[in-house]
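The block underneath contains the structure these notes are about, expressed in structure tokens.
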Protein chains: 2
Amino acid sequence: MTSPTPARTWRGIHAELTRRINDGVWRPGELVPNEAELAEEFGCARATVNRAMRELAETGRVDRKRKAGTRVALHPSARVVLDIPVIRREVEARGASWHYSLILREEGPAPLALTARLGLAQDAPMLHLACLHYADAQPFLHEDRWINIAAVPGLLDTDFSVENANEWLIRNAPYTGGDIAFSALAAGAELAALLEAAEGAALFTLDRTTWNGEVPITSVRLSYAPGYRMHTRI
Amino acid sequence: MTSPTPARTWRGIHAELTRRINDGVWRPGELVPNEAELAEEFGCARATVNRAMRELAETGRVDRKRKAGTRVALHPSARVVLDIPVIRREVEARGASWHYSLILREEGPAPLALTARLGLAQDAPMLHLACLHYADAQPFLHEDRWINIAAVPGLLDTDFSVENANEWLIRNAPYTGGDIAFSALAAGAELAALLEAAEGAALFTLDRTTWNGEVPITSVRLSYAPGYRMHTRI
DNA sequence: AAGTGGTCTAGACCACTGC
DNA sequence: CAGTGGTCTAGACCACTTT
């Protein structure tokens with residue numbers, strides 16, 4: 001086993017620390033030497049060790065606390081970075097041509113379940129959009145979206161039968177945070193018809209709500225056509 | 001809108017750069033000032049700007065290339081960090097008690113589709129395990145796993161009716177990389193029965209294959225009971 | 001060849017937190 | 001209070017990429 005990564009670099013040190021954890025030199029829960037000691041051992045600056053350790057902490061391999069030191073994580077959970085691209089680009093990346101069709105546009109109050117979750121008044125004006133994204137001639141995903149009209153200037157002036165909401169919002173409604181949930185749902189009759197799938201088919205579904213500070217921006221459910229896989233590397 | 005983050009820190013600079021992108025001060029595709037110039041503007045060291053910029057690059061807000069400089073990303077894709085915990089802990093985090101039952105243990109060759117994907121000989125000795133994880137008395141997920149016997153010392157000596165494979169492998173078979181795919185699958189008759197779900201129910205499914213260098217370690221499919229949601233914050 | 005980001009250094013001070 | 005990680009600095013050299 002040669003080490004293709006040069007030592008003394010933060011990558012080299014990261015690799016060596018990873019090895020020590022994997023090989024059980026440092027056992028789960030165990031306290032590892034502090035940065036100053038490791039810097040001396042590796043003959044490098046403390047900042048270099050810090051950089052390597054920070055990566056290990058970000059991926060959950062170690063837990064770090066001031067004064068308490070650094071410990072090998074007891075329950076290393078796999079941490080995965082998912083890239084959720086703009087839908088058009090995802091379709092095009094598959095070599096298909098993308099197009100898009102607006103199915104529904106409606107102004108009015110949202111379901112109570114939604115306004116409650118967003119912390120909005122029940123009668124807050126919302127824009128409800130539903131659209132289909134196609135890969136070539138095939139339905140790719142169904143987008144069901146509610147947008148907080150008060151939070152997005154210019155929203156009502158935009159023609160979403162031409163402009164697609166997914167990309168328009170990225171450009172025009174920045175957000176500071178939000179949450180995402182993935183699940184599997186059985187296609188109801190209407191959704192099945194739209195996606196040209198069998199009723200009850202298993203659909204990969206993504207629910208995303210975004211906020212700008214305290215202000216809710218939009219809540220969307222993306223239902224992918226059957227067979228969709230979201231893929232990434234570790 | 002006060003700025004609770006002090007300027008001059010990398011977080012403060014990160015926030016200010018983010019603001020400039022969000023507010024359109026720097027448009028998508030546009031070249032932003034180089035690190036030295038920004039360091040001068042903010043009155044800080046270049047390393048501090050570098051740290052802020054690195055975060056922006058990691059989350060896909062900007063694209064950086066040596067010599068070419070830093071540009072605001074044209075197609076910002078949402079980058080999401082998913083935490084996939086050890087199953088037992090995930091169940092316990094819901095306040096349920098976890099238990100586990102081995103359904104199948106079989107040594108022998110794997111299906112051709114699998115060996116081919118792993119780059120193993122068709123007759124490579126593999127261990128096939130199937131198990132169910134429970135939250136209290138309710139089936140939580142079904143685990144269908146193949147393990148490369150040659151790559152995992154001590155594998156055949158382990159009693160997986162007592163020890164659960166998920167955690168045993170974490171401790172005993174480190175990996176350097178792999179891939180993960182999420183999808184939605186309809187429950188077949190057997191799986192539906194095991195999960196006490198209706199046949200055809202939509203199941204959230206995770207396929208994960210891990211490698212240690214060039215050596216395939218294990219390939220597993222986790223099928224969660226209906227209703228499961230994988231959740232994270234942005 | 002030259003410009004840009006990537007990294008490293010040696011030192012310093014600060015912030016948090018367990019004791 | 002004292003030990004540890006978190007961050008910042010000023011400077012340097014390097015690696016990559018475009019010109």
Side-chain angles (χ1 to χ4, degrees), chain A residues 3-18 20-21 26-74 76 79 81, chain B residues 3-18 20-21 26-74 76 79 81:
Chain A
S3 87
T5 318
R8 292 279 171 69
T9 67
W10 75 264
R11 287 172 191 281
I13 291 168
H14 180 269
E16 170 60 13
L17 300 179
T18 301
R20 291 187 188 179
I21 293 171
W26 295 331
R27 317 285 313 184
E30 189 177 333
L31 197 61
V32 314
N34 67 33
E35 293 188 350
E37 289 164 354
L38 289 171
E40 190 179 7
E41 176 191 339
F42 291 121
C44 69
R46 180 165 79 92
T48 308
V49 174
N50 180 274
R51 175 71 190 272
M53 279 292 197
R54 185 180 350 123
E55 302 283 326
L56 288 173
E58 279 173 4
T59 54
R61 301 301 305 268
V62 301
D63 293 322
R64 317 198 77 192
K65 262 189 290 195
R66 286 159 150 140
K67 163 77 179 181
T70 299
R71 292 176 181 279
V72 179
L74 271 174
R79 216 155 289 183
V81 179
Chain B
S3 88
T5 319
R8 290 281 171 68
T9 68
W10 76 262
R11 287 172 191 280
I13 291 168
H14 180 270
E16 170 59 16
L17 300 178
T18 301
R20 291 189 188 179
I21 293 171
W26 295 331
R27 316 285 313 184
E30 189 178 332
L31 197 60
V32 313
N34 67 33
E35 294 189 350
E37 289 164 353
L38 289 171
E40 191 179 6
E41 176 190 340
F42 291 121
C44 69
R46 181 164 78 91
T48 308
V49 174
N50 180 275
R51 174 73 190 272
M53 278 291 198
R54 185 179 351 122
E55 303 283 325
L56 288 173
E58 279 173 4
T59 54
R61 301 301 304 269
V62 301
D63 294 322
R64 316 196 77 191
K65 264 190 290 197
R66 285 157 149 138
K67 163 77 181 179
T70 300
R71 292 176 182 279
V72 178
L74 272 174
R79 218 155 287 183
V81 179

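Per chain, numbering begins at 1; letters A, B, ... match sequence-line order.
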Please give, in whole Å, the distance from dG5(C) C1' to Leu38(B) CG? 12 Å
If I take atom CZ from residue Arg46(A) and atom CE from residue Met53(A), how far apart are they, to the nearest 0.5 angstrom? 11.5 Å
Are Asn50(B) and Arg64(B) close enough, and set up right, to give a side chain to side chain contact (heavy atoms under 4.5 Å, CB included), and what steps lead you there? CA-CA 11 Å; Asn50(B) 180 275; Arg64(B) 316 196 77 191; 3.9 Å; yes
When you compare the protein's N or O atoms with those of nucleotides 14-19 of chain D, which come within less than 3.5 Å of each other, and at what distance?
residue: dA15(D); atom: N3; partner: Arg66(B); partner atom: NE; Å: 3.2

Report the distance from atom CG of Leu38(B) to atom CG of Leu17(B), rounding to the nearest 0.5 Å. 6.5 Å
Restricting both atoms to N or O, compile the protein contacts to nucleotides 8-12 of chain C shorter than 3.5 Å, with distance only.
residue: dC8(C); atom: OP1; partner: Trp10(A); partner atom: N; Å: 2.6
residue: dC8(C); atom: OP2; partner: Trp10(A); partner atom: N; Å: 3.4
residue: dT9(C); atom: OP2; partner: Ala45(A); partner atom: N; Å: 2.7
residue: dT9(C); atom: OP2; partner: Thr48(A); partner atom: OG1; Å: 2.5
residue: dA12(C); atom: N6; partner: Arg46(A); partner atom: NH2; Å: 3.0

CD (Glu16(A)) and OG1 (Thr18(A)) are apart, to the nearest 0.5 Å, by 9.0 Å
Length of the CD-P vector between Glu35(A) and dG6(D), whole Å: 6 Å
Can you tell me how far apart CZ (Arg51(B)) and CZ (Arg54(A)) are? Round to the nearest 0.5 Å. 3.5 Å
Please report the distance, rounded to the nearest Å, between CG in Leu31(A) and P in dC19(C). 11 Å
Less than 4.0 Å between a side-chain N and a carboxylate O, is that true for Arg20(B) and Glu30(B)? no
Over how many whole Å does the gap from Arg71(B) atom CZ to dT4(C) atom P extend? 12 Å
Does OP1 or OP2 of dG5(C) have a side-chain N or O of Thr70(B) closer than 4.0 Å? yes
Straight-line distance of Thr9(B) OG1 to His14(B) NE2, nearest 0.5 Å: 11.0 Å
Expected output: side-chain Glu40(B) to main-chain Glu37(B) donor-acceptor under 3.5 Å: no
Rounded to whole Å, CE of Met53(B) lies from P of dG6(C) at a distance of 10 Å
Euclidean distance, atom CZ of residue Arg64(A) to atom C1' of dG18(C) [Å, nearest integer]: 17 Å
Would you tell me if any nitrogen or oxygen in the side chain of Asn50(B) comes within less than 4.0 Å of OP1 or OP2 on dG6(C)? yes
